[in-house]
Asker: 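Got a structure for you, questions after.
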Amino acid sequence: MSILRDEDKDRIQGFCSIFPEKRSALLMILHYLQDNYSYVSDEIILELSEVLNIPATEMHNTFQFYTMLKKKKQGKYVIEVCATLSCSLMGSDHIIDYLENRLGIKSGETTQDGKFTLLKVECLGNCGKAPVMQINGKFYEELNENKIDKILKEIEDND
């Protein structure tokens, strides 16, 4: 049974036609599929592997490198906490621990209600305001427990 729809396959072929090699279109294709399916499952990767004639292991390697690509369903609100050196020195490890306890999940997991996914990520590019996180692309800087509580309460009140 095919997961990819005919319009997806047409779009994939369109992306491939832009580049001299299909492999060059892979990142663009994966972003397209993630935008349409909210994540790229192993089943989609296997089917895409056949469509593009690219080994599935190569696609899995792409996911290892590009942290913005997701292989499993994410929560409605994706919380990404920077864990690189500047943020770590300014307390991001504590921020991650606090969020894990507050949400009742570990980094890489999603709450049972599907509301929040917590992720440790590499540099968010805002070292001067560390520690930082983003939720669905919106940045929050100079974090502490009080700020996090206010941010989460605002999300919960507006949801």
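Because only heavy atoms are used, hydrogens play no part in the values below, and waters and symmetry mates are left out as well, while side chains stay in. Heads up: numbering here begins at 1 and tracks the sequence.
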Asker: So, taking the atom named CD in E43 and the one named CG in L46, what distance separates them when rounded to the nearest 0.5 Å?
Answerer: 7.0 Å
Asker: So which heavy atom on S88 is nearest to which on A83, and how close?
Answerer: CB-O, 4.2 Å
Asker: Looking at CG of L85 and SG of C127, how far apart are the two atoms once the value is rounded to the nearest 0.5 Å?
Answerer: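 L85 atom CG to C127 atom SG measures 8.5 Å (nearest 0.5 Å).
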Asker: Quick one, K71 and I45 - any side-chain contact, counting heavy atoms below 4.5 Å?
Answerer: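 When only atoms from C-beta onward are counted, I45 and K71 do touch, with a gap below 4.5 Å.
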Asker: Is it the case that atom CD in E21 sees more than 12 heavy atoms from other parts of the structure closer than 6.0 Å?
Answerer: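 Atom CD in E21 is not packed in, count stays at 12 or less.
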Asker: For the CZ atom on F19, are there more than 12 heavy atoms of other groups (residues, nucleotides or ligands in this structure) within a distance under 6.0 Å?
Answerer: yes
Asker: Return the SG to CD1 distance between C87 and I95, rounded to the nearest 0.5 Å.
Answerer: 9.5 Å
Asker: Quick check against the 3.5 Å criterion: does Q74 have a side-chain atom that pairs as donor or acceptor with the backbone of S38?
Answerer: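 Not a single qualifying donor-acceptor pair exists.
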Asker: Determine, step by step, whether T117 and I105 satisfy the side-chain contact (heavy atoms from CB on, under 4.5 Å) criterion, reporting the C-alpha distance in whole Å, the side-chain angles of both residues, the deciding distance to 0.1 Å, and the verdict.
Answerer: CA-CA 8 Å; T117 297; I105 58 174; over 6 Å; no
Asker: Rounded at 0.5 Å granularity, tell me how far CD1 in I29 sits from CE in M59.
Answerer: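 Answer for the CD1-CE pair, I29 versus M59, is 8.0 Å.
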Asker: How about K106: does its NZ atom have over 12 heavy atoms from other parts shown lying under 6.0 Å from it?
Answerer: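 No, because the 6.0 Å sphere around NZ of K106 holds 12 heavy atoms or fewer from other groups.
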Asker: Quick one: are M90 and V132 in side-chain contact, heavy atoms under 4.5 Å?
Answerer: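 No, every pair of side-chain atoms sits at 4.5 Å or beyond.
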Asker: Does N144 form a side-chain hydrogen bond (donor to acceptor under 3.5 Å, both in side chains) with Y98? I'd like the steps, not just the answer.
Answerer: CA-CA 9 Å; N144 58 46; Y98 183 74; over 6 Å; no
Asker: Could you please spell out the steps behind the side-chain contact (heavy atoms from CB on, under 4.5 Å) verdict for D159 and K76?
Answerer: CA-CA 10 Å; D159 195 43; K76 181 176 181 181; 2.4 Å; yes
Asker: Flag the pair L48 / V40 as yes when at least one side-chain heavy-atom distance between them is below 4.5 Å, and no otherwise.
Answerer: no
Asker: Can you list the steps and then say if H60 with D42 is a side-chain contact (heavy atoms from CB on, under 4.5 Å)?
Answerer: CA-CA 9 Å; H60 288 291; D42 286 336; 3.3 Å; yes
Asker: For K150, I'd like to know if atom NZ has over 12 heavy atoms of other residues, nucleotides or ligands within 6.0 Å.
Answerer: no
Asker: Tell me whether S92 contacts the main-chain N or O of P131 through its side chain, where contact means a donor paired with an acceptor under 3.5 Å.
Answerer: no
Asker: Check this for me: does any side-chain nitrogen of one of K153 and D157 sit under 4.0 Å from a carboxylate oxygen of the other?
Answerer: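 Salt bridge between K153 and D157, a charged N being under 4.0 Å from a carboxylate O: yes.
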Asker: Check whether more than 12 heavy atoms from other residues, nucleotides or ligands sit under 6.0 Å from atom CG of D6, and answer yes or no.
Answerer: no
Asker: Side-chain contact, heavy-atom cut-off 4.5 Å: F116 with I135?
Answerer: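 A side-chain contact is absent here, since even the closest heavy-atom pair is not under 4.5 Å.
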Asker: May I ask you to test the S2-E47 pair for a side-chain heavy-atom distance under 4.5 Å?
Answerer: yes
Asker: Can you measure from NZ (K115) to OG1 (T110) and round to the nearest 0.5 angstrom?
Answerer: 13.5 Å
Asker: Does the side chain of V81 come within less than 4.5 Å of L118's, by heavy atoms?
Answerer: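 They are in side-chain contact.
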Asker: Can you tell if the side chain of R11 reaches within under 4.5 Å of the side chain of N36, non-hydrogen atoms only?
Answerer: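 Not in contact.
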Asker: Are more than 12 heavy atoms, taken from residues, nucleotides or ligands other than D113, located less than 6.0 Å from that residue's CG atom?
Answerer: yes
Asker: Are the side chains of V121 and Q134 in touch, meaning some heavy atoms are under 4.5 Å apart?
Answerer: no
Asker: Quick one: CG on L33 to CG on L4, what's the gap to the nearest 0.5 Å?
Answerer: 6.0 Å
Asker: As a quick check of understanding, evaluate side-chain contact (heavy atoms from CB on, under 4.5 Å) for K147 and E141, giving each step before the final call.
Answerer: CA-CA 9 Å; K147 281 188 180 182; E141 307 167 329; 5.8 Å; no
Asker: Is the number of heavy atoms from other residues, nucleotides or ligands within 6.0 Å of NZ (K72) greater than 12?
Answerer: no
Asker: So that I can tick it off, tell me whether R5 and D8 are bridged by a salt bridge, with the cut-off set at under 4.0 angstrom between side-chain N and carboxylate O.
Answerer: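 Salt bridge: yes.
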